[in-house]
K.L.:
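Please read through the structure below; I'll follow up with questions.
Heads up: numbering here begins at 1 and tracks the sequence. Every number for a ligand or one of its atoms is a count from 1 in the order of the listing.
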Amino acid sequence: MSIYKSRRVGDSLVSKLPNVGTTIFTVMSKLATETGAINLSQGFPGFDCSPELVSLVDHYMRKGFNQYAPMTGVPALREALAQKTLDLYGIAYDPDTEVTVTSGATEAIFAAITAVVRHSRDAGPDEVLVFEPAYDSYVPAIELNGGIPVYVTLTPPDYTIDWQAVSQKITDKTRLILVNTPHNPTGHVWTLDDLNQLANLVHNRDIWIVSDEVYEHILFDGRTHHSLMTHPVLQERTFIIGSFGKTFHITGWKVGYCLAPADLTTEFRKIHQYLTFSTVTPIQYALADYLKEPDHYRQLPDFYQRKRDLFLAGLRGSRFTIRPTEGSFFQTVSYANITDEPDYDLAVRLTKEIGVASIPVSVFYHQKNDYKMIRFCFAKDDAVLQEAAERLSQL
Ligand code: PMP
Ligand code: GLN
């Protein structure tokens, strides 16, 4: 019998994230599984990755590449990433000092935010500009580092950025701006003008940027991805975050990366080495080989545009109001013409009653703004998308 039984230590633990519960992705995926619904909620492909990629991982595992990778990532993968970046965007990152492999984009985002944001005794908390709706890992990372999120609210139908409003939110305390293009959950894609507007605001100021570009290869209707690295004023202050999960249908492998100028990368790596130290070794070698064939990512826009269009064709007879998504594998739709239920309630009801799970967009706003929008992930097999669209059209 324990002699330490009077009081549990947990009773006095004060939460560092009092407002955080279980993420909506887990909640909705669980509900979809329990009810047998088609799961268009959490963003992950419903089909498998390439068998060639699996064979490459198998090959490197059998060859004995099973111990710790270098902290910064295996050289072959860093070099392949630098080469791909040069080929695609014309920007040269040094694989030794400016490219770091991480355990998913989630880790890279956390490390980059941690490298910059602080609460200093003299100046107080740093302010971080967040465009909302915002991917759910950003704000907890800011708060755990003692920073304060300052929100710029984007609204349907087009979620474009009002740069005048952004400039009014920038103060002497603004230390970081979080960018996400193509955007989750809205699919909104930044234009060259957005890059220029941001550059004008941060020029000559001590403001850094984390640019989450995990959907860099998934853009539609001939759009181009304008990476922040392509603007010199932005490039010198930006941590570019990428993920192989979205590009090669391997969200469960959790491999991402950060591209940043050497001085930023030095600080980034100080955090990365104590967060995870390194990332799974045989997968890194496999990805280095697989990246050498550009078609593996060049075919993605066509591949996903066909799926988007198939899903939208299926919804044509529905009562949703839809603007085709510009990028990412998410489609948001407005149900304002159908019902005035809160979006969370509708997402739960649709899962239970018609058997299609979605994500309510209000969860991506800090005050849970409800614009009657729900998000569907269309990275699914064609038959699944057709069946889901048919069910949704009954509403
Ligand atoms: N950023 C965005 C915008 C995402 O949608 C996701 C996940 N889908 C991530 C980051 C996290 O990526 P990873 O799974 O590589 O950690
Ligand atoms: N990024 C995925 C989405 O937006 C989910 C990632 C996760 O489950 N944490 O749905």
K.L.:
Considering only residues two or more places apart or on different chains, which pairs with a residue in residues 187-197 satisfy salt bridge (charged side-chain N to carboxylate O under 4.0 Å, His left out)?
P.N.:
none

K.L.:
Using 0.5 Å steps for rounding, measure from the NE2 atom of H296 to the CZ atom of F244.
P.N.:
13.0 Å

K.L.:
Going by heavy atoms in the side chains, are V210 and F110 under 4.5 Å from each other?
P.N.:
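Answer no - side chains too far apart.
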
K.L.:
Report all protein residues having a heavy-atom distance below 4.0 Å to some atom of ligand 1; order the list by chain, then number.
P.N.:
G104, A105, T106, I109, Y135, N180, N184, D212, V214, Y215, S243, K246, K254

K.L.:
Look at atom 8 (O) of ligand 2 and say which protein heavy atom is nearest, naming residue and atom and giving the distance to 0.1 Å.
P.N.:
Q42 NE2, 2.7 Å

K.L.:
Would you say the ring centroid of Y365 lies under 6.0 angstrom from that of Y371?
P.N.:
yes

K.L.:
Among Y290, F329, F44, F303, which residue meets the ring-ring contact (aromatic ring centres under 6.0 Å, His included) test with H249?
P.N.:
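So the option named by the test is F303.
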
K.L.:
Under a heavy-atom criterion of less than 4.0 Å, does N184 contact ligand 2?
P.N.:
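N184: in contact with ligand 2 (<4.0 Å).
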
K.L.:
Can you tell me which residue among R298, R223, K246, K84 is in a salt bridge (charged side-chain N to carboxylate O under 4.0 Å, His left out) with E216?
P.N.:
K84

K.L.:
Taking 4.0 Å as the limit for heavy-atom contacts, which would you say applies to F330 with ligand 2: side chain only, backbone only, both, or neither?
P.N.:
side chain

K.L.:
Look at ligand 2 and say whether R375 reaches it with a heavy atom at a distance under 4.0 Å.
P.N.:
yes

K.L.:
Identify the closest protein heavy atom to atom 7 (C) of ligand 2: which residue and atom is it, and at what distance?
P.N.:
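Of every protein heavy atom, F25 CD1, 3.6 Å lies nearest to atom 7 (C) of ligand 2.
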
K.L.:
Can you list the residues that meet the ring pair (Phe, Tyr, Trp, His ring centres under 6.0 Å) rule with H119, with sequence neighbours excluded?
P.N.:
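Result, ring pair (Phe, Tyr, Trp, His ring centres under 6.0 Å) vs H119: none returned.
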
K.L.:
Taking distance alone, with N or O pairs closer than 3.5 Å, would you say G43 contacts ligand 2?
P.N.:
yes

K.L.:
State whether the shortest distance between N or O atoms of Y135 and N or O atoms of ligand 2 falls below 3.5 angstrom.
P.N.:
yes

K.L.:
Does any pair with a residue in residues 359-372 pass salt bridge (charged side-chain N to carboxylate O under 4.0 Å, His left out), and if so which ones, sequence neighbours excluded?
P.N.:
D370-K372

K.L.:
Specify whether F378 and Y304 have parallel, tilted or perpendicular ring planes, treating 30° as the upper limit for parallel and 60° as the lower limit for perpendicular.
P.N.:
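Plane angle over 60°, so perpendicular.
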
